[in-house]
Amino acid sequence: VINNSGKVAAVFGVRNDLSISYKVASSLKESGANVALSYTKDTKVDVLALADDLSIPSELCMEVDVRSEEQIAAFLSMLNLKFSGIDYILHGVAYGNHHVMCSAGIGSVDKTSSEYIDIPFEDLMDSFNISAYSLLRISRVAKPFLNKSASILSLTYNASTRVNAKYGGMSVNKAALENITMYLADYFGPMGVRVNTISAGFVMSTSAAGIQGARSLRKLGKEISPLGNIKAQDVANAALYYFSDLSSKVTGNLHFVDGGMNIMAVSSMRD
Ligand SMILES: NC(=O)c1ccc[n+]([C@@H]2O[C@H](COP(=O)([O-])OP(=O)(O)OC[C@H]3O[C@@H](n4cnc5c(N)ncnc54)[C@H](O)[C@@H]3O)[C@@H](O)[C@H]2O)c1
């Protein structure tokens, strides 16, 4: 059992109890860590209620739009002031509108094309800002506050190196996130700070449910992954390892928690 008492964690990306970040936050809390949660305007009420359930004081929760360096700084410096240093950071944030995700936008009145070829540059750049560049931005702001052997972790998806038509423009953000992970691992190496990413199998979170064909993806996972589909808790278990000293010499790693789906050719469907 991993003991995180005295450790300090900043978790970005809890929306509700289906969020992968929620499971990571609750596992960190259960293992004794002090946990701080960011929320957005939309998720404030839900996140504060979940914080209460987890016995996380509301003073450790703050509104952060990850496009804002100032809001990230306010959140992380509050945490640093309270605990004199930060040990763990979870980046569990992603967003792309229906143009970026190449989906019709259920109930949307927007009848403009949502084909891959038509993804508007500004929409893609905004989703890149939120989903990929924010890892660099958060790491930059956190740098002066990081304790020795701190660990930064993000969540990615295997559409970074494979085509999944309904993941659309988010794929390039995940490819960038994985690349940024390697460069940050190199950058932070001399400080002893580690940077890794977990490539999660499909979990039916609120964001994931918005992907067209979400149910087919779960079905596919069940059919072809050697270990079947995963749960958010499976990601949280691996996250605890990446935060802990058990992974003290592991950095720049892309770690699959996908039931083994990534090794399979799609044609190898089980019957
Ligand atoms: N669910 C899956 O199948 C799956 C698989 C692989 C990777 N992931 C990744 O896991 C991470 C968490 O996603 P999830 O599936 O738990 O969904 P989720 O919807 O619960 O989490 C996404 C979070 O991003 C936050 N967010 C969006 N825009 C933001 C902004 N501008 N500033 C700050 N926060 C913002 C949302 O508030 C939400 O909390 C994402 O990076 C996602 O791409 C998910």
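Everything quoted here is computed from the prediction, not taken from an experiment. First listed ligand is number 1; within each ligand, the first listed atom is number 1.
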Using a 4.0 Å cut-off to any heavy atom of [X], which atoms of ligand 1 qualify?
| X | result |
| --- | --- |
| Ala94 | 24 (O), 27 (C), 40 (C), 41 (O), 43 (O) |
| Val64 | 32 (N), 33 (C) |
| Thr43 | 37 (O) |
| Tyr95 | 27 (C), 28 (N) |
| Thr40 | 32 (N), 33 (C), 34 (N), 35 (C), 37 (O) |

Do [X] and [Y] make a side-chain contact, defined as non-hydrogen atoms from C-beta onward lying under 4.5 Å apart?
| X | Y | value |
| --- | --- | --- |
| Gln71 | Met62 | no |
| Pro226 | Met264 | yes |
| Leu60 | Val35 | no |

_Check for me, please, whether Leu246 and Phe243 land in the same ILVMFWY cluster - side-chain distances under 4.5 Å, paths through other members count._
yes
Single-linkage hydrophobic cluster Ile89~Phe188, side-chain heavy atoms < 4.5 angstrom: yes
Proximity of [X] to ligand 1 by residue part, where a heavy atom lies under 4.0 Å:
| X | result |
| --- | --- |
| Val66 | both |
| Phe202 | both |
| Met204 | neither |
| Leu18 | neither |
| Val203 | both |

Identity and separation of the nearest protein heavy atom to [atom]:
| atom | answer |
| --- | --- |
| atom 15 (O) of ligand 1 | Ser205 OG, 2.5 Å |
| atom 13 (O) of ligand 1 | Gly92 O, 4.3 Å |
| atom 25 (C) of ligand 1 | Val93 CG1, 4.1 Å |
| atom 43 (O) of ligand 1 | Lys174 NZ, 2.8 Å |
| atom 9 (C) of ligand 1 | Leu155 CB, 3.8 Å |
| atom 19 (O) of ligand 1 | Ser207 OG, 2.4 Å |
| atom 7 (C) of ligand 1 | Thr156 O, 3.0 Å |
| atom 44 (C) of ligand 1 | Ile20 CD1, 3.7 Å |

Just by distance, no angles: are the side chains of [X] and [Y] close enough, under 3.5 Å, to form a donor-acceptor pair?
| X | Y | answer |
| --- | --- | --- |
| Tyr242 | Asn253 | yes |
| Ser247 | Asn196 | no |
| Gln233 | Ser26 | no |
| His99 | Thr112 | yes |
| Asn129 | Arg137 | yes |
| Asn3 | Ser5 | yes |

**Prompt:** So is Gly201 in contact with ligand 1, going by heavy-atom distances below 4.0 Å?
**Reply:**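 Judged by the 4.0 Å heavy-atom criterion, Gly201 does count as contacting ligand 1.
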**Message:** Heavy-atom contact check, 4.0 Å cutoff: does Met170 meet ligand 1?
**Reply:** no
* **Whether Ser113 side chain and Glu115 backbone form a donor-acceptor pair below 3.5 Å** => yes
message: With respect to Ile130, determine whether any N or O atom, backbone or side chain, lies less than 3.5 Å from an N or O atom of ligand 1.
response: no
(request) Flag Arg15 as yes when one of its N or O atoms lies below 3.5 Å from any N or O atom of ligand 1, and as no otherwise. (result)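 Min N/O separation from ligand 1 is below 3.5 Å for Arg15.
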Candidates Val24, Asp42, Asp65; heavy atom nearest atom 30 (C) of ligand 1 found on Asp65
- prompt: How many angstroms lie between OG in Ser154 and CZ in Phe12, if you round to the nearest 0.5 Å?
  reply: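 Those atoms lie 12.5 Å apart.
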| task | Please assess Asp46 against Asn16 for the test side chain to side chain donor-acceptor pair (under 3.5 Å), listing each intermediate value before the final yes or no. | result | CA-CA 6 Å; Asp46 288 347; Asn16 52 34; 5.6 Å; no
